[in-house]
Amino acid sequence: MTELRPETRTVHLPQPPLNGSRPIAVPLYQTSGFAFDDPAVFADGMNRPDGAFVYGRLSNPTVRALEEAVAGLEGGAGAVATGSGMGAINSVLLCLLQPGDHLIAQKAIYGGTAAMINDLVARFGIEVTYVPEDDPEALRAAVRPSTKLVYLETIANPVTQVADLPGMCAAAREAGLVSVVDNTFASPVLCRPIEHGADVVVHSTTKYLSGHADVLGGIAVFAGDELYRKVWKYATYLGATADPFAAWLTLRGIQTLPLRMERHCANARELATRLDAHPAVSAVHWPGLPSHPSYALAGKLLPDFGGVFSFDLVGGRAAGERFMSSVRVALLAPSLGGVETLILHPATTSHKSLTAEELARHGIGEGTVRVAVGIEHVEDLWADFAQALS
Ligand SMILES: *Cc1c(COP(=O)(O)O)cnc(C)c1O
């Protein structure tokens with residue numbers, strides 16, 4: 001049989017056999033630890049991520065089912081599930097970087113990650129150079145003897161630049177650097193960065209993977225076994241690993257991920273296209289529109305362009321604030337990737353700590369509105385947006 005497609009793999013999650021049958025749904029193992037008959041099996045389980053289940057901070061069957069499911073979807077050798085997306089990102093960065101090291105990151109990155117990098121720079125003497133997400137030459141030019149790591153995002157927030165993953169990961173590999181890609185906005189349905197040369201993929205599973213705005217979680221997936229074991233150990237020291245109930249909810253969400261992504265993308269396409277033609281809107285940022293700077297690259301890399309887009313209002317900040325308080329179906333809220341449409345004003349919320357220069361670096365204006373499109377009927381969403389714009 002040929003390799004199963006994501007639509008089938010997410011539905012048929014692998015199940016360990018019980019006595020002669022096996023559960024259809026992944027069971028929730030709500031236990032903090034496990035008891036042993038054999039001390040040698042106990043000792044072995046302490047030392048690796050794929051041995052006997054020992055203690056909840058190290059391993060749990062429900063958490064491991066999630067790790068195997070996402071490693072399978074991303075094409076990785078192994079995965080470490082964490083309590084949040086930041087737990088995954090920090091486990092990777094703190095495990096791989098030490099004082100005096102240099103990292104190269106793309107210019108527009110998630111706010112929490114940017115804040116963490118600033119902290120590493122201020123307190124641990126780590127250095128960072130920011131380069132455009134689609135410029136392998138700039139990456140090559142930024143490499144120093146102390147460079148260890150390249151940090152990218154498949155689709156960035158909120159103006160949705162798409163990274164040149166094949167070019168950037170190849171440049172990282174030539175220089176002997178580990179490439180880490182935050183694939184939260186694309187999900188493995190739209191992109192599998194390991195296929196493009198990434199060494200590590202991180203996700204906030206809070207978003208599309210769980211998909212219902214009811215759980216926090218993260219995961220790091222590794223192309224190679226060595227890095228997987230190293231970061232697993234480090235995540236267990238940090239206490240960043242996932243809770244079984246959160247993992248269980250996330251697995252439940254993953255079963256409908258391909259179906260949901262299809263609707264998220266279709267709704268985003270329709271709304272982005274209509275907003276682009278609206279007189280109150282000066283620009284729409286969605287990589288599926290020919291006017292987006294990433295359009296050509298996105299067309300080569302992605303089968304569709306995700307459920308997040310942003311748009312700039314002609315009326316600037318005042319118009320942005322008016323729009324925020326006028327929507328009735330969409331919710332004014334942080335986060336993304338759930339079934340409900342959420343909107344926010346980056347300049348006063350998610351990116352409020354950025355300086356004017358940093359806002360410009362991210363492509364965010366005073367009148368920029370970020371939309372994380374849900375799976376509602378698109379005509380209800382459009383009617384809501386149209387009334388809020390008038
Ligand atoms: C939300 C998000 C994170 C952080 O994830 P948490 O689950 O909130 O810790 C990281 N990267 C991206 C792209 C995100 O959207």
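Every heavy atom of this structure was used, including side-chain atoms; hydrogens, water molecules and symmetry mates were not. Order of listing sets the numbers, starting from 1, for every ligand and every atom in it. In this chain, residues are counted from 1 in sequence order.
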Proximity to ligand 1 by part of I89, non-hydrogen separation under 4.0 Å: side chain
Polar proximity ligand 1 side, M86 side, N/O cut 3.5 Å exclusive: yes
Backbone or side-chain N or O of E153 under 3.5 Å from ligand 1 N or O: no
Per-atom contacts, ligand 1 versus [X] - under 4.0 Å to a heavy atom:
{"X": "F185", "answer": "13 (C), 15 (O)"}
{"X": "G217", "answer": "7 (O)"}
{"X": "T184", "answer": "12 (C), 13 (C), 15 (O)"}
{"X": "G85", "answer": "5 (O), 6 (P), 7 (O), 9 (O)"}

Closest heavy-atom pair and its distance - A242, V63: O-CG2, 3.7 Å
Main-chain N/O of T349 paired to H351 side chain as donor or acceptor, under 3.5 Å: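 No, the answer is negative, given that no donor and acceptor are paired below the 3.5 Å cut-off.
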Protein heavy-atom partner closest to atom 4 (C) of ligand 1 - residue, atom, separation in Å: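 For atom 4 (C) of ligand 1, the nearest protein heavy atom is Y110 CE2, 3.4 Å.
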Protein residue, atom and distance nearest to atom 1 (C) of ligand 1, heavy-atom basis: K207 NZ, 1.4 Å
May I ask you to say whether [X] pairs ionically with [Y], meaning some side-chain N is under 4.0 Å from a carboxylate O?
{"X": "E376", "Y": "R263", "answer": "no"}
{"X": "D304", "Y": "R269", "answer": "yes"}
{"X": "R274", "Y": "E379", "answer": "yes"}

Plane angle bin for F34 and F53 - parallel if under 30°, tilted between 30 and 60°, otherwise perpendicular: tilted
Closest to atom 7 (O) of ligand 1 (judged by heavy-atom distance), picking from D182, T206, L216, T113: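 Nearest option to atom 7 (O) of ligand 1, by heavy atoms: T206.
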E340 atom CD: more than 12 heavy-atom contacts under 6.0 Å: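 Enclosed.
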